[in-house]
Visitor: 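One structure follows; several queries about it will come next.
Below, each value reflects all heavy atoms present in this structure, side chains not excepted, and no hydrogens, waters or symmetry copies. None of the values given here were measured: they were computed from a predicted structure.
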Amino acid sequence: MSIVSLIQKKTIESLSVLYKQPFSEKDFQINQTKPEFEGDYTVVMFSLVKSLKLSPEVIGKLLGDHMVNNNQALFTGFNIIKGFLNLSVANEFWLGLLNKNYGDICYGKKEMNGKKVMVEYSSPNTNKPLHLGHLRNIFLGWSYAEILKANGYEVVKSCIVNDRGIHICKSMIAWQKFANGATPESAGTKGDHFVGEYYVKFNDAYKTEVAELMAAGKSKADAEKEAPIMKATQQMLLDWEDGKPEVMDLWKTMNGWVYSGFDITYNNIGADFDKVYYESNTYLLGKDIVQQGMDKKVFYQKDDSSIWIDLTADGLDEKIVQRSDGTSVYITQDIGLALQKYEQYKIDQSIYVIGNEQNYHMKVLQLICQKLGMPNADNIFHLSYGMVELTSGKMKSREGTVVDADDIVDEMIATSKQHTEELGKVQDFTAEELKELYNTIGLGAMKFYLLRVDPRKTMVFNPAESIDFHGFTGPFVQYTYARIKSILRKNEMAIDSSFPTSLFPLEKELIVIAEQYSAVLEQACTEHNPSVIANYIFNLAKTFNSFYAEHSIAKAESEDKKQLRLKLAVFTANILKSGMQLMGIAVPERM
RNA sequence: GGUCUAGUAGCUCAGCUGGAUAGAGCAUCAGCCUUCUAAGCUGAGGGUCUCAGGUUCGAAUCCUGACUAGAUCACCA
């Protein structure tokens, strides 16, 4: 039980005895006491003042006396300032907590709860390489999956690959026209980048053709429709749907190139999936569902035989679910896939990590599933995250301002190499150890930078700031960890040591923060928010660094103190490592 | 135009289930390495929490309305 829950419980007990009526945790609030006042945790009494019609002084005096007298092992005293009852928690409590948990590498995590959750993330198109926005998505999805595990859920990480459609055909057409049989191998280019180049070439050629047609007197709309390369692309999509062998071959080949490129990126950044869905397999799903929807009168048919759902009563619009030619649209496939996920895995919750540009789409998806009475409809959750912008504004592929995922990762690793060399602390490392260290620090900086912001918010990517390894950054936390490990290599821990009874403020503060770890993991889970962990871990590391500067461990005032501080160091290191792991960030033994 | 989201220090962000004098990091300035890793520590300056109302003992936090910015509202995905 957390200290806050414990104080809640004790407060309720005392209030019930004192006022002979039932109370609940909603009748008052427990906060951490502000540093400028004496005490550790505070009962905010204003709401009690109102309901009991007594002054805070009267309530506080009685409550404080009763709580301290009846829990002498837990509380050592209290003071009242305005409506705040500040309680001091006994050092024995903090020391006991430290002694019990400092060596537990699973500290703060929960037992399995028997629930299963699917987290879908990444979900790229196969016509161009991953960019900075994908990285936010991937880090967020991966981290949230880990946070769910830490809170006792069984997790299935999934990905839907958008491997078909007009945008894929565009790169295919451009390759046919311009590549002269070139391959990623012949060009010496990573597969996904190679294909991406042809997607760009398509757009260039298309633009040129449209301009030519307009110069010849066509309207813009006509020119865009009639451009030969666009017509060829549309024909290719039809051929693909017919399964024309040479189109299928090219499609498979080019997607293969992209996948090999993605695999390298995923591998570099430590992303993985338990189940990968391909749109080419799922795009026909949902046809039965359309019929069921018709039978249930959830959908209706228009004169041109297209099928719709009317969501105006829910404050949304009418939405098409099947085209007049009988083919299904994006949302229909999604309904089919949502059902398939449930049937295959019997998941209790289905989480979609998708950008907030699709908020409307996801709302519609869930609403349709609910109206169809699908068993898992209420368990769909859109983990919506904000776009990543640059200091110069939004990333625009047309203006070439898109930050490529591989490039930025390489840059971060190069920066970590440069900093490490400048500092010259690991000159005895082998080439292999150095490579691993640069990766750990560079990726750590990158992941921390993207995860430290509330996912829901649009964030600004500032290149200069992102490669800063000081302050609120991944390397700062990694450095703190490495320093602790250095101390632990040089100092022996005693098996059984006696405790000092007094604690310096920073010694106590470390334990108080460590105590909150479990609550933080829970909060990160319920709020779908890894930044809660990033903020917490940073605060813990910062506090340790202050402690480190203020108190010597190796040359402590006494052997008791030394052993206490070694335990504090181990406890801190374990939590730093655990919290960073939940964000997909490794911590080095030395740096 | 409808719907949704956001606006906190020069910059990037916390704080938002209402609570004590609104916090970090970066940047700026001043200090700290003969002592466990200075990728560190200590201190200073820096705020009309976009604006205007309302709710109440108390509002950055809740409500209403403006203003500003973004997203979205396709027989695209």
Visitor: Which part of the nucleic acid, if any, lies within reach of Asp325(A) when heavy atoms closer than 4.0 Å are counted: base, sugar-phosphate only, or nothing?
Guide: nothing
Visitor: Write down the distance separating the C1' atoms in U28(B) and G46(B), rounded off to the nearest Å.
Guide: 10 Å
Visitor: In whole Å, measure the gap between the P atoms of A60(B) and C16(B) for me.
Guide: 14 Å
Visitor: Would Arg590(A) count as a cation-pi partner of Phe429(A), with NZ or CZ less than 6.0 Å from the six-membered ring centre and within 45° of the ring normal?
Guide: no
Visitor: Checking base pairs now: Watson-Crick or wobble, both atom distances under 3.5 Å. What partners A69(B)?
Guide: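 Its partner is U5(B).
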Visitor: Please state whether the phosphate of A20(B), meaning OP1 or OP2, lies under 4.0 angstrom from any side-chain nitrogen or oxygen of Lys82(A).
Guide: no
Visitor: Rounded to the nearest angstrom, tell me the gap between atom CG in Asn356(A) and atom P in C73(B).
Guide: 13 Å
Visitor: Base, sugar-phosphate or nothing for Ser546(A)? Non-hydrogen atoms, less than 4.0 Å.
Guide: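 Sugar-phosphate, no base atom in range.
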Visitor: I'd like the C1' distance from G54(B) over to U12(B), given in whole Å.
Guide: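 The answer is 33 Å between these two C1' atoms.
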Visitor: Between A20(B), U12(B), G25(B), which one does the side chain of Lys542(A) approach most closely?
Guide: G25(B)
Visitor: Starting at OH of Tyr449(A) and ending at C1' of C26(B), how long is that distance when rounded to a whole Å?
Guide: 10 Å
Visitor: Measure from CD on Glu465(A) to P on G10(B) and round the result to the nearest Å.
Guide: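 Rounded to whole Å, this separation is 16 Å.
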Visitor: Taking the nucleotide of RNA chain B with the closest heavy atom to each, which residue, Ser328(A) or Gln32(A), is nearer the 5' end?
Guide: Gln32(A)
Visitor: So does Lys287(A) have more than 12 non-hydrogen atoms from other groups sitting under 6.0 Å from NZ?
Guide: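 Yes, the 6.0 Å shell around NZ holds more than 12 heavy atoms from other groups.
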Visitor: Is there a salt bridge (Lys or Arg N to Asp or Glu O under 4.0 Å) between Glu465(A) and Arg452(A) once you walk through the steps?
Guide: CA-CA 13 Å; Glu465(A) 194 180 77; Arg452(A) 70 184 196 181; 3.4 Å; yes
Visitor: Does Asn545(A) reach a base, just sugar-phosphate, or nothing at all? Heavy atoms under 4.0 Å.
Guide: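 The answer is sugar-phosphate, as Asn545(A) gets under 4.0 Å only of primed atoms, P, OP1 or OP2.
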Visitor: Taking atom P in both G18(B) and A30(B), what distance in whole Å separates the two?
Guide: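 Those two atoms are separated by 45 Å.
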Visitor: Looking at every strand, decide which applies to Ala549(A) at a 4.0 Å heavy-atom threshold: base, sugar-phosphate, or nothing.
Guide: sugar-phosphate
Visitor: Quick one: label Asn86(A) by what it contacts on the DNA or RNA (base, sugar-phosphate, nothing), any heavy atom closer than 4.0 Å.
Guide: base
Visitor: Can you tell me if Arg483(A) touches the phosphate of A38(B), counting only side-chain N or O atoms and a distance under 4.0 Å to OP1 or OP2?
Guide: yes
Visitor: Rounded off to whole Å, could you give me the CD1-to-P distance for the Ile553(A) and G40(B) pair?
Guide: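 The distance from CD1 of Ile553(A) to P of G40(B) comes to 18 Å, rounded to the nearest Å.
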Visitor: Tell me: NE2 of His470(A) to P of C41(B), nearest whole Å?
Guide: 11 Å
Visitor: Once you apply the 3.5 Å cut-off to both distances, tell me the Watson-Crick or G-U wobble partner of G25(B), or none.
Guide: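 C11(B) - that is the nucleotide pairing with G25(B), both distances being under 3.5 Å.
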Visitor: Which one, A20(B), A77(B), A71(B), comes nearest to the side chain of Tyr330(A)?
Guide: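 Between A20(B), A77(B), A71(B), the one nearest the side chain of Tyr330(A) would be A77(B).
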Visitor: When we call it a touch if two heavy atoms are under 4.0 Å apart, what does Ile441(A) touch: a base, just sugar-phosphate, or nothing?
Guide: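 Base contact.
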Visitor: Provide the Watson-Crick or G-U wobble partner of G47(B), both distances under 3.5 Å; none if there is no partner.
Guide: none
Visitor: Side chain of Lys394(A) only, heavy atoms from C-beta on: which candidate in A20(B), A77(B), G70(B) is closest?
Guide: G70(B)
Visitor: May I ask you to say what Thr391(A) touches in the nucleic acid, namely base, sugar-phosphate or nothing, with a heavy-atom cut-off under 4.0 Å?
Guide: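 Touches nothing.
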Visitor: Considering every strand and a 4.0 Å limit on heavy-atom distances, what is the contact class for Arg590(A): base, sugar-phosphate, or nothing?
Guide: base
Visitor: Check the side chains of Glu279(A) and Tyr330(A) for a donor-acceptor pair under 3.5 angstrom, ignoring hydrogens and angles.
Guide: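 The answer is no; no qualifying pair exists.
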Visitor: For A27(B) versus G40(B), give the span between their P atoms, rounded off to a whole number of Å.
Guide: 10 Å
Visitor: Just do the side chain to side chain contact (heavy atoms under 4.5 Å, CB included) check on Met230(A) and Lys225(A) with the steps written out, would you?
Guide: CA-CA 7 Å; Met230(A) 182 56 90; Lys225(A) 238 179 274 172; over 6 Å; no
Visitor: With rounding to the closest Å, how many angstrom separate the C1' atoms on A14(B) and A74(B)?
Guide: 39 Å
Visitor: Which listed nucleotide (C41(B), A20(B), U37(B)) is nearest to the side chain of Lys490(A)?
Guide: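 Of the candidates, U37(B) comes closest.
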Visitor: Side chain of Tyr479(A): nearest nucleotide among G40(B), C41(B), C73(B)?
Guide: G40(B)
Visitor: Touch check for Lys457(A), heavy atoms < 4.0 angstrom, all strands: base, sugar-phosphate only, or nothing?
Guide: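 Here Lys457(A) touches the bases of the nucleic acid.
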Visitor: Testing the 3.5 Å rule here: is there a donor-acceptor pair between the side chains of Asn359(A) and Ser384(A)?
Guide: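 Judged by distance alone, the side chains do pair up.
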Visitor: Rounded off to whole Å, could you give me the CG-to-P distance for the Leu365(A) and C73(B) pair?
Guide: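 Those two atoms, CG and P, are 15 Å apart.
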Visitor: In whole Å, I'd like the distance from the NZ atom of Lys50(A) to the P atom of U55(B).
Guide: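 Rounded to the whole Å, the gap is 13 Å.
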Visitor: Should the pair Phe202(A) and Tyr206(A) be assigned to parallel (<30°), tilted (30 to 60°) or perpendicular (>60°) ring geometry?
Guide: parallel
Visitor: With the stacking rule set at 5.5 Å and 30°, tell me whether Phe37(A) counts as stacking on A20(B).
Guide: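 So Phe37(A) counts as stacking on the base.
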Visitor: Check the chi torsion on C33(B) and let me know: syn if it falls within 90° of 0, anti if not.
Guide: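 This nucleotide is in syn.
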Visitor: Under 3.5 Å, side chain of Thr327(A) to main-chain N/O of Arg323(A), donor-acceptor pair present?
Guide: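 Judged by distance alone, no pair lies under 3.5 Å.
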Visitor: Taking for each residue the nucleotide of RNA chain B with the nearest heavy atom, is it Lys363(A) or Lys555(A) whose nucleotide lies nearer the 5' end?
Guide: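 With Lys363(A) and Lys555(A) compared, the 5'-side residue is Lys363(A).
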Visitor: Tell me whether the side-chain N/O atoms of Arg323(A) come closer than 4.0 Å to OP1 or OP2 in C76(B).
Guide: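 For C76(B), OP1/OP2 do have a side-chain N/O of Arg323(A) under 4.0 Å.
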Visitor: For a quick check of understanding: with a heavy-atom distance under 4.0 Å over all strands, which category does Tyr548(A) fall into, base, sugar-phosphate or nothing?
Guide: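 Answer is base: heavy atoms of Tyr548(A) come under 4.0 Å of a base.
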Visitor: May I ask whether Phe46(A) stacks on the base of G58(B), given the cut-offs of 5.5 Å between ring centres and 30° between planes?
Guide: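 One would not call Phe46(A) stacked on the G58(B) base.
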Visitor: What distance, rounded to whole Å, do you find between the two C1' atoms, one in U68(B) and one in C29(B)?
Guide: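 One C1' to the other, the span is 34 Å.
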Visitor: Please state the C1' separation for the pair A24(B) and G1(B) - nearest whole angstrom.
Guide: 42 Å
Visitor: Considering only A77(B), C13(B), C36(B), which nucleotide approaches the side chain of Met459(A) most closely?
Guide: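 The listed nucleotide nearest to Met459(A)'s side chain is C13(B).
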Visitor: Counting only side-chain heavy atoms from C-beta out, which of A14(B), U12(B), C73(B) sits nearest to Tyr360(A)?
Guide: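 Closest of the options to the side chain of Tyr360(A): C73(B).
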Visitor: Any base atoms under 4.0 Å from Gln478(A), or only sugar-phosphate, or nothing? Heavy atoms, all strands.
Guide: nothing
Visitor: Would you indicate whether Lys577(A), at its atom NZ, is surrounded by more than 12 heavy atoms from other residues, nucleotides or ligands within a distance under 6.0 Å?
Guide: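 Not buried by this count: 12 neighbours or fewer within 6.0 Å.
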Visitor: Please classify the nucleic acid contact of Val44(A) as base, sugar-phosphate, or nothing, using heavy-atom distances under 4.0 Å.
Guide: base
Visitor: Assign Thr327(A) to base, sugar-phosphate, or nothing according to its heavy-atom contacts below 4.0 angstrom with the strands shown.
Guide: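 Thr327(A): no heavy atom of the nucleic acid under 4.0 Å.
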